[in-house]
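The block underneath contains the structure these notes are about, expressed in structure tokens.
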Amino acid sequence: MPDSPVVRLEKDGEIGVIIVNYPPVNALGPGVSEGIIDNLNTTNADPSLKAMVLIGDGRSFIAGADIRGFGTGRKRAPIGQRTYDVLDASPKPVVAAIHGFALGGGLENAMACHYRIAVTSAKVGLPEVLIGILPGGGGTQRLPRLVGAQTALELITTGRHVPAPEAARLGIIDEIAPDGGSLRAAAVAYARSIAATRPLPRVRDKTVSADPAIFGAMRKSIAHKARNQKAPYYCIDAVEAACTRPFDDGIQREAQLFAELETSDEAKALRYAFFAEREVAKLPDLPATTAAHDVANPAVIGAGTMGGGIAMAFADFGYDVKIMDANQEALDRGMQRIRNNYATSVKRGSLAEDEMQRRLARIHPVASYQHISDCDVVVEAVFERMDVKQPIFAKLDAVMPPNAFLFSNTSALDMDELAAVTKRPDRIAGTHFFSPANVMKLLEVVRPSKASPETLMTAMALGRRIGKISAMAGNTDGFVANRSRAPFNSEMVILLEEGCLPEQVDRVMVDFGYPMGPFAVGDLAGLDIGAEGRKRRAATNPNYRKLPIADKLVEMGRYGQKTGAGWYRYETGDRTPHPDPDVAAVIKSLAAEMGVPQKAFTDSEILRRLLFSSVNEACRILEEGKAYRPSDIDVMWLHGFGFPRYRGGLMYWADGIGVRDVYNQIAAWHQQYGDRWAPSGLLRDLAQTKTPLREAKPAPFA
Ligand code: 3H9
């Protein structure tokens, strides 16, 4: 039998079982497609074999093409000789047996088989659009033939993972394997049952047609989300081809569009983001043997907006969670807010009523510390002041089991000071959620100096367990995400002093790809929150750059949406920001008072002023050893601040401009504006050696 190291053939009576074994997820790495074809040919040539099963070893069927091979010039088989072209040409039937994931090229191979059987927990999908390409193995031609054009458009332009039962309803899967049994045994039995069937069903032989209007409507409906990108539109073009051309022509069109996308800037950036998101989970300086504790029984202290959101995040992922506040009234208010939030999701159609009830039933309000003394982890989310948090930590230390972990949702306070009031500083870490905590994907895990490796691994794993992307940050003011973002926040207000208006800055950033402009976001979050932080910093840092315009709006009671006015004005009951002449007048008069010369700004100047200031700070963070990797900072910007994913992240984007140009501009602004633009030493070194920012070597984690 022509076994390759990654694909082998086993005989099960008259059924040949072709097994892919390319850990960890059976991507179509070197040798996999060739191995499948060799074993397909062997089975077809063996008269003792009547049918075959294609199955994956380990945790998945096939997770798709090997993403590491994209853009490397690696040779692929030409059309006509690819697995997708030869599987359904097999004279003997082929059954795809799916567990784990059948994604991208994995599902494309499965759709090229004659039959598909899957376990209930399996997921299938064509997520190529998420890495800036389209399904290039016949997926755009076969999926519409199986599920219809409209559903195919939805699945291919979102890249969503479809659970097997839904896939069966849609017609992607022919049979669900019985629960609890072996998938291989079920697939072999299924293969026996259809071994004599002729003619064999082939998806390519089906026809699909569609109302031509659906393609235009789809392009229109994705226009805002897909702005600046090509891949979502090319996906639609390819599905349209499936509905208007013969199968083989459609395949040619798909290949043409795929080739254009593979080397596009957006695909490169999205591939970078994909691997950065996996890299961020790795803590290279912890002993390799460190294991995370499997947390089972969490509690949240503080039922405010953040605490409530954190409790919802636990409940959303199946945890029973206790929530406590200083008094019954605050607890009742917090629970009511949680109920309202869930009810809004039900109203919007994103959550089923019965699921809401199940989640609510998992959140248990409790009145005292005694009720949480059996918990193995607590996340504190009370008011952001050391003198409020410290007594709570002392109390928690006294009542919680000695091996319980105490985490704080602080966004800036010194975690060492907090750990110092307990007798277990080794079991303390920061878990900084982003608001709304049940929605935003980023969890910054803050590392105090005495935290044990087990504590850090536990906090990182707990975040992932509740659907977050956990990223490790050093214990520095603002940690990594907010600290790298802080200069951007100052600079956007300083731009107003120099002649910009909030709506102009917001438009530039939305055009760049942010879902909302930074001033509109400020209004949503509440301008009073930033004002607190500015006061604290101004009190402790004599060089702190004050922001009189921002302070003035807060003084005027303009706190943002909640007061109907902030950087913008709002009509009652409406969240649409309207430019406000009163704000323009405040800006003008304060700028005149400060004697700042006014000028007109180009879009590019605005963008660079905001983002370069943060690149510089990110470099300082790296040279101080407060983050492991430049790509971790990119992940934080993608998932904490809505930085457009197809631009890779802050540092990746800056590399696109070039490290020397970034440095030279920052050095020029240093001359013009003074110390706040002093270039970081790391940035200067990178510029001198022309080393890309994303290859910067940070100091050891401190
Ligand atoms: C495609 O198929 C194009 C086609 O149309 C054909 C064109 C001709 N390649 O995510 P995890 C690695 S495009 C290479 O932590 P999980 C990953 O980097 C592809 N490597 O596990 C990590 O490595 P490391 C379409 C891959 O259980 C390790 O596997 N398919 C690939 O949380 C574990 O990954 C996709 O876009 C890959 N395709 O999630 C699916 N996939 O340990 C992409 C994973 O060194 N993959 N790795 O850090 C995923 O979405 C998730 O990995 C999956 C498992 C859901 C499968």
Side-chain angles (χ1 to χ4, degrees), residues 6 20 22-30 32-33 36 56 58-85 87 98-112 121-143 155-156 158-163 231 234-235 238-239 251-252 254-263 267-268 270-284 288 441 460-461 463-465 467-470 629 631-632 635 645:
V6 290
V20 178
Y22 190 77
V25 291
N26 292 332
L28 296 166
V32 175
S33 295
I36 292 173
R59 62 196 228 214
S60 249
F61 176 67
I62 295 171
D66 182 357
I67 300 172
R68 289 187 201 276
F70 285 127
T72 59
R74 187 193 290 170
K75 269 210 159 339
R76 283 195 206 99
I79 291 180
Q81 296 171 28
R82 308 171 311 172
T83 45
Y84 326 101
D85 308 317
L87 278 164
I98 302 171
H99 74 297
F101 294 94
L103 299 175
L107 179 58
E108 291 176 301
N109 274 309
M111 289 192 294
S121 58
K123 295 210 166 107
V124 306
L126 295 176
E128 284 87 343
V129 73
L130 303 175
I131 49 169
I133 54 174
L134 54 68
T140 64
Q141 305 305 298
R142 283 197 176 88
L143 191 63
L155 295 181
I156 295 175
T158 60
R160 136 175 118 79
H161 295 179
V162 183
Y234 281 31
C235 288
V239 173
I251 288 285
Q252 293 291 344
E254 178 192 87
Q256 207 179 27
L257 294 167
F258 180 89
E260 254 189 72
L261 290 176
E262 185 180 355
T263 51
K268 284 182 199 153
L270 288 164
R271 284 200 291 270
Y272 166 83
F274 176 85
F275 289 113
E277 284 163 355
R278 277 142 190 91
E279 206 55 25
V280 76
K282 297 171 187 158
L283 310 182
K441 293 280 277 181
M460 294 284 286
R464 286 193 294 274
R465 177 70 183 73
K468 305 296 177 204
I469 296 201
S470 305
R629 291 158 287 248
S631 61
D632 285 10
V635 170
R645 193 178 164 75

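First listed ligand is number 1; within each ligand, the first listed atom is number 1.
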- Message: List the residues meeting side-chain contact (heavy atoms from CB on, under 4.5 Å) with Ser33, not counting sequence neighbours, and say none if there are none.
- Response: Leu28, Thr83
- Donor-acceptor side-chain pairing of Thr140 and Glu254 below 3.5 angstrom: yes
- Contacts of Asn26 meeting side-chain hydrogen bond (donor to acceptor under 3.5 Å, both in side chains) (sequence neighbours excluded), chain-then-number -> none
- Query: For Tyr22, what residues pass the side-chain hydrogen bond (donor to acceptor under 3.5 Å, both in side chains) criterion, not counting sequence neighbours?
  - Reply: none
What short N/O contacts, under 3.5 Å, does ligand 1 make with the protein, listed by atom pair and distance?
| unit_1 | atom_1 | unit_2 | atom_2 | d |
| --- | --- | --- | --- | --- |
| ligand 1 | 2 (O) | Ala65 | N | 2.8 |
| ligand 1 | 2 (O) | Gly105 | N | 2.8 |
| ligand 1 | 5 (O) | Glu108 | OE1 | 2.7 |
| ligand 1 | 5 (O) | Glu128 | OE2 | 2.6 |
| ligand 1 | 5 (O) | Gly136 | N | 2.9 |
| ligand 1 | 9 (N) | Ile67 | N | 2.8 |
| ligand 1 | 10 (O) | Arg278 | NE | 2.6 |
| ligand 1 | 10 (O) | Arg278 | NH2 | 3.2 |
| ligand 1 | 21 (O) | Arg59 | NH2 | 2.9 |
| ligand 1 | 27 (O) | Arg59 | NH2 | 2.7 |
| ligand 1 | 30 (N) | Ala63 | O | 2.9 |
| ligand 1 | 38 (N) | Ala65 | O | 2.9 |
| ligand 1 | 48 (O) | Lys282 | NZ | 2.9 |

- Item | Salt bridge flag under 4.0 Å for residues Glu262 and Arg271 | no
- Item | Ion pair check, Glu108 and Arg82, cut-off under 4.0 Å | no
